[in-house]
Number of protein chains: 2
Amino acid sequence: MLSFSEENYLKTIYHIEQFQPDGVSTNAIAKKIQTKASSVTDMLKKLAAKQLIIYEKYQGVQLTKEGKKIALKVIRRHRLWEYFLVKKLNYRWDEVHEIAEQLEHIKSKTLIDNLEEFLRFPKFDPHGDPIPDKNGKMILTKTISLLELKVGQKGVLDSLKDSSDAFLKYLNKKNLALRDRIKVIDIEPYDNSVHIETKTHQLLISKKVAENLNIKV
Amino acid sequence: MLSFSEENYLKTIYHIEQFQPDGVSTNAIAKKIQTKASSVTDMLKKLAAKQLIIYEKYQGVQLTKEGKKIALKVIRRHRLWEYFLVKKLNYRWDEVHEIAEQLEHIKSKTLIDNLEEFLRFPKFDPHGDPIPDKNGKMILTKTISLLELKVGQKGVLDSLKDSSDAFLKYLNKKNLALRDRIKVIDIEPYDNSVHIETKTHQLLISKKVAENLNIKV
DNA sequence: ATATATTTTTAGATAAGACTAAAAAAATAT
DNA sequence: ATATTTTTTTAGTCTTATCTAAAAATATAT
């Protein structure tokens, strides 16, 4: 049985791997997990000894099949609990991360499957991210970042590249929500900002924000 | 903020204090928490330094006001989560303890109050134990053990002195549930066993079992 | 009252996971 | 190609919560 900390590392490596498929660096993990590189190295050795990652000094790491399986279990738990918190306990999408970070490590053979059934098998969490099923399978939606849309093109806000509370609060303030239909009115070539229109209002979106919005066209 | 382990000690001391109001012994704690007396001593020093217990070498401990407050918070969380597991996730009363032991240590300012509201402010957990409210107040029901009833006397099974999974499974097997009306048919003076009758069947209850059944007369 | 048994504490060790500081390796720049 | 910077690892330390073994205090029994 893995520790809280080991599970966290596996989950984190999985997430970074989505963007860095051929080797996740020690520093990248340290940054995401808010710890020191030396602590990461220690843990990588431990996970490698358990055959959950492939680790060669200075080379970055990759999850093994087993490591990936465990990472997906943790992600499944995290996303189901987030769904529970929002749908049943009336939390906002920007309030659930910290609590789900703890709940995702509760150990039980049956708990998460029972929770999933209670929630009636949701397929996406409150941030639009897909929830892996019992076998680790999830619905992968093809999206592009808002930055890639042309003037006049339309799409739907599907999910986020950055789900930090800070970004979620920004979207709250700007009245942008998942499933909103978006049309690009204009693109400013100088700073890559995007002028968009939703059903209810118009908005100016900076490059930084635009690249964190995943659009289904 | 207290650790998982510190919270567990406070909760355990609170429970033992119900039966040993003037000083909880190191060994009693060690037994309940499944650890060694020396480990308990270490922790007692720590809790005393934090002013959560009154501890004098060799004298046993007592919770301070603050220690009791925290213990009741942990018990509140435990019982609300047990209620959730049974009422929402369809667990049986003998399956929830281990999971609630973990859930009770989730840290959040708002989680447990939101859960309580979602569950519509239950006053008793699945084992008949009262759930402390936000302020630590709970409904204390006057009960006596089945052993104290006279022949011919009636009462209702209200709660249990022992809520171990083993005892709960025993009650399942014997078809005894909370709220069952019970009448004492006969008492065997030789071994203090009790012959009882419920709405549906008659049963012979050993002394050991009888003293763990709390009856509201 | 004294011997014996039990309980509790102390001392020292261990494991997990983090840290700092310094060394080693790899990447980048001139 | 060499110097510089950045990244990663190593070595050693710290904290938390355990443990064992031995010592000290308390309780029990004769």
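Order of the sequence lines fixes the chain letters, A, B, ..., with proteins taken first and strands second; residue numbering starts at 1 for each chain.
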Worksheet item: With ring centroids as reference points, do B:H97 and B:H78 lie under 6.0 angstrom apart?
Response: yes

Between [X] and [N], does any side-chain N or O lie under 4.0 Å from OP1 or OP2?
X	N	result
B:K36	C:dT8	no
B:K45	C:dT10	yes
B:S39	D:dC19	yes

Worksheet item: With A:L52, which of A:V61, A:L2, A:L63, A:I13 fulfils side-chain contact (heavy atoms from CB on, under 4.5 Å)?
Response: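 That would be A:L2; it is the only one of A:V61, A:L2, A:L63, A:I13 passing the side-chain contact (heavy atoms from CB on, under 4.5 Å) with A:L52.
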
Discussion item. For B:W81, run the side-chain contact (heavy atoms from CB on, under 4.5 Å) check against B:V86, B:L119, B:L115, B:I99 and tell me which one passes.
Written reply: B:L115

Worksheet item: Considering every strand shown, what is the Watson-Crick or G-U wobble mate of C:dT30 when both distances are under 3.5 Å?
Response: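 Across all strands, the one nucleotide that pairs with C:dT30 is D:dA1.
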
Interatomic distance, [X] [atom1] vs [N] [atom2] [rounded to whole Å]:
X	N	atom1	atom2	result
A:I53	D:dT8	CD1	C1'	14 Å
B:L47	D:dT16	CG	C1'	13 Å
A:Q59	C:dA26	CD	P	7 Å
A:N27	C:dA26	CG	C1'	12 Å
B:E7	D:dT16	CD	P	16 Å
B:Y55	C:dT10	OH	C1'	10 Å
B:Y58	D:dA25	OH	C1'	4 Å
B:D42	D:dT20	CG	P	13 Å

Taking the side chain of [X] as heavy atoms from C-beta outward, which of [options] is closest to it?
X	options	result
B:S5	D:dT18, D:dT7, C:dC19	D:dT18
A:M43	D:dT26, C:dT8, C:dA18	C:dA18
A:T41	D:dT18, D:dT9, C:dT10	D:dT9
B:Y9	D:dT9, D:dT18, D:dT7	D:dT18

Fill in: Contact check, side chains of A:L160 and A:D162, non-hydrogen atoms, under 4.5 Å
no

Discussion item. Using heavy-atom distances to pick each residue's nearest nucleotide on DNA chain C, tell me which of B:L44 and A:T35 is more 5'.
Written reply: B:L44

Worksheet item: Under 3.5 Å, is there an N or O donor on one side and an acceptor on the other linking the side chain of B:T26 and the base of C:dT9?
Response: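 Check fails, no donor-acceptor contact within cut-off.
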
Worksheet item: Does a distance-only test, which skips hydrogens and angles, find a donor-acceptor pair under 3.5 Å between the side chain of B:S38 and the base of D:dT20?
Response: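 Present.
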
Worksheet item: More than 12 non-hydrogen atoms from neighbouring residues, nucleotides or ligands closer than 6.0 Å to NZ on B:K107, yes or no?
Response: yes

